[in-house]
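Reviewing the structure listed below.
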Amino acid sequence: MKKHIVLLPGDGIGKEVINSAKDVLHAIAEEYNHSFSFETHEIGGAAIDLYGTPLPEATVGACKQADAVLLGAVGGPKWDRNPSHLRPERGLLGIRKALDLFANLRPIKGFKNLLHASPLKEEVVAGSDLLIVRELTGGLYFGTPSERRDNGNAVVDTLAYTRKEIERIVDKGFQAAQQRRGQLTSVDKANVLESSKLWREVVEEKKAQYPDVKVDHLLVDAAAMKLITSPTQFDVIVTENLFGDILSDEASVLTGSLGMLPSASLREDGLGLYEPVHGSAPDIAGKGIANPVAMILSTALMLRYSFNLDDEAKVIEDAVQSILDAGFHTGDLQVQDGRIVGTVEMTKLIVDYIKSQNASKCIASCYF
Ligand SMILES: NC(=O)c1ccc[n+]([C@@H]2O[C@H](COP(=O)([O-])OP(=O)(O)OC[C@H]3O[C@@H](n4cnc5c(N)ncnc54)[C@H](O)[C@@H]3O)[C@@H](O)[C@H]2O)c1
């Protein structure tokens, strides 16, 4: 298979972990006879420094022509005082909107030997395996531009959704549940927000089309509590942009580190942008200690969702699991035993495992 991939390293550790993704893809291409070509473009703070904008036209153009996009992370203290249109995060929001990537999928599944790395009790997190489907191009982050009134002493942010926007993400949630354990939890704040009332109406209307999926509704405050008190009760969660943003970061504690969580942002036709859930981690940038696993697992999601290469995706996931089971981990994981390695060494261990072609020996039972 021949595919063209645009790489957007971004800022901070984004520039480090994107190299891990590339190394892994070279190994997959070699082992499975594929041809992946790469093109690198700037986004975020790096783009502001070079081109005076967080999202240059050339970046958008290249992404539109690509078969898939891999993104590191954006942001950092250097740009924190910039006006809002010159903030690195604008690049991220802009590329999601420009590519119409309305569905953000965040799988959260812990690794057996990292259970104790979670700040939660092992018996609470054991067996957690959930998928958060977050709406990505609507809601508060994309309402009419935020406004300061009354000499800056009052503010207005708007939360807007159309029925069509809700329908397409709710469909994604139902479809994901069909491919998993058939349980969908729709999270909203329908006791207060009008947007949530429409959201709940749409879910209720849609459920007749998916009779094999069991649906329940949960208010976001209750969902936040249940995610950490009984995470195993969830299969697929579907929710709007802001709630999904907060809940998926909260769910990251189940895996012990933000550095373990991949994500996929998809368009209707399969084009996808794949990125780790974590940010640019300025506190550790340039030290060579960033955990590359979230980026590498995002690469596996790209192979699965955009290229239909499920076997190759599985080999990467098995390689990660196998290396962690062998006791190697980066310093962000509070693991009692084992050996701490840096970004480059962790990547090399995973690449070597893929190349060893012994991946099939490590099966899903290694999880939990
Ligand atoms: N998708 C994105 O690009 C994205 C997401 C979140 C935050 N940000 C931006 O990143 C910057 C820093 O934000 P933050 O500190 O709130 O969040 P962050 O995710 O960058 O870091 C939070 C903490 O987790 C650690 N961490 C994160 N990823 C890690 C990894 N792969 N390996 C080891 N440790 C890791 C960091 O060292 C830090 O202590 C901000 O400018 C923020 O706007 C970008």
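Note that the structure is predicted; figures quoted are calculated from it, not measured. In each ligand, atom 1 is the first atom listed, and ligand 1 is the first ligand listed.
- Just one residue in the list Arg200, Lys206, Lys207 forms a salt bridge (charged side-chain N to carboxylate O under 4.0 Å, His left out) with Glu204, and that residue is Lys207.
- Taking a cutoff of 4.0 Å between a charged side-chain nitrogen and a carboxylate oxygen, Lys164 and Glu167 do not qualify as a salt bridge.
- With rounding to the nearest 0.5 angstrom, the CZ atom of Arg134 is 12.0 Å from the CG atom of Leu105.
- Listed by atom number, the atoms of ligand 1 under 4.0 Å from Gly75 heavy atoms are 41 (O).
- Taking a distance limit of 4.0 Å, we find that atom 18 (P) of ligand 1 is approached by some protein heavy atom.
- Within the 4.0 Å cut-off (strictly below), a protein heavy atom is located near atom 9 (C) of ligand 1.
- There is a protein heavy atom less than 4.0 angstrom from atom 31 (N) of ligand 1.
- Contact annotation for Pro282 and ligand 1: only side-chain heavy atoms (C-beta onward) come within less than 4.0 Å of the ligand.
- With no hydrogens or angles considered, no side-chain donor-acceptor pair links Glu57 and Tyr51 at under 3.5 Å.
- Counting heavy atoms closer than 4.0 Å to ligand 1, residue Met295 contributes nothing at all.
- Residue contacts with ligand 1 leave out Thr330, since none of its heavy atoms falls under 4.0 Å from the ligand.
- Shortest contact from atom 44 (C) of ligand 1 to any protein heavy atom: Val74 O, 3.0 Å.
- Distance remark: protein heavy atom present below 4.0 angstrom from atom 39 (O) of ligand 1.
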Inset, instruction - Using the side chain to side chain donor-acceptor pair (under 3.5 Å) rule, take Thr137 and Arg96 through it: C-alpha gap first, then chi angles, then the decisive distance, then the call. - result: CA-CA 7 Å; Thr137 52; Arg96 288 171 179 164; over 6 Å; no

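- Applying the 4.0 Å criterion to heavy atoms of Ala73 picks out, from ligand 1, the atoms 3 (O).
- A 6.0 Å sphere centred on CD of Gln65 holds no more than 12 heavy atoms belonging to other residues, nucleotides or ligands.
- For Glu16 (side chain) and Gly286 (main-chain N/O), a donor-acceptor pair under 3.5 Å exists by modelled atom type.
- Under a 4.0 Å criterion applied to the non-hydrogen atoms of Glu275, ligand 1 contributes the atoms 1 (N).
- Nearest to atom 26 (N) of ligand 1 by heavy atom, out of Ala281, Pro88, Gly72, is Ala281.
- Shown in contact with Gly279 at under 4.0 Å from a heavy atom are these atoms of ligand 1, numbered in order with element: 4 (C), 5 (C), 6 (C), 7 (C), 8 (N), 10 (O), 18 (P), 19 (O), 20 (O), 44 (C).
- Atoms of ligand 1 found under 4.0 Å from any heavy atom of Gly76, numbered from 1 in the order shown, are 41 (O).
- Atoms of ligand 1 found under 4.0 Å from any heavy atom of Ala290 (numbered from 1 in listed order, with element): 32 (N).
- Thr59 places no side-chain N or O within donor-acceptor distance of the main-chain N or O of His41, the cut-off being under 3.5 Å.
- For the pair Lys97 and Phe142, the cation-pi criterion (under 6.0 Å, within 45° of the ring axis) is fulfilled.
- Geometrically, Lys22 engages Phe38 in a cation-pi contact defined by less than 6.0 Å to the ring centre and at most 45° from the axis.
- Close approach of ligand 1 to Ile13 is summarised as follows: ligand atoms under 4.0 Å from at least one heavy atom of the residue are 28 (N), 29 (C), 30 (C), 31 (N).
- When hydrogens are left out, the protein atom nearest atom 27 (C) of ligand 1 is His278 CB, 3.6 Å; that is the closest non-hydrogen contact.
- Atom CG of Asp283 has more than 12 heavy atoms from other residues, nucleotides or ligands within 6.0 Å.
- Of the heavy atoms in Ile284, only side-chain atoms (C-beta onward) come closer than 4.0 Å to ligand 1.
- Formation of a donor-acceptor pair under 3.5 Å by the Asn241 side chain with backbone atoms of Tyr141 is not found in this model.
- The protein non-hydrogen atom at the shortest distance from atom 11 (C) of ligand 1 is Ser280 OG, 3.3 Å.
- With a 4.0 Å heavy-atom cut-off, ligand 1 is reached by the backbone of Asn291 and by its side chain too.
- Between Arg149 and Glu147, at least one side-chain N (NZ, or NE/NH1/NH2) sits under 4.0 Å from a carboxylate O, which counts as a salt bridge.
- Scanning the protein for heavy atoms near atom 36 (C) of ligand 1, the closest one is Asp283 OD1, 3.4 Å.
- With hydrogens left out, the protein atom closest to atom 42 (C) of ligand 1 is Glu89 OE2, 3.7 Å, a heavy atom.
- For atom 23 (C) of ligand 1, the closest heavy atom belonging to the protein is Leu258 CD1, 4.6 Å.
- Listed by number with element, the atoms of ligand 1 under 4.0 angstrom from any heavy atom of Leu92 are 1 (N), 2 (C), 3 (O).
- In this structure, the side chain of Lys2 does not engage the main chain of Phe36 through any donor-acceptor pair within 3.5 Å.
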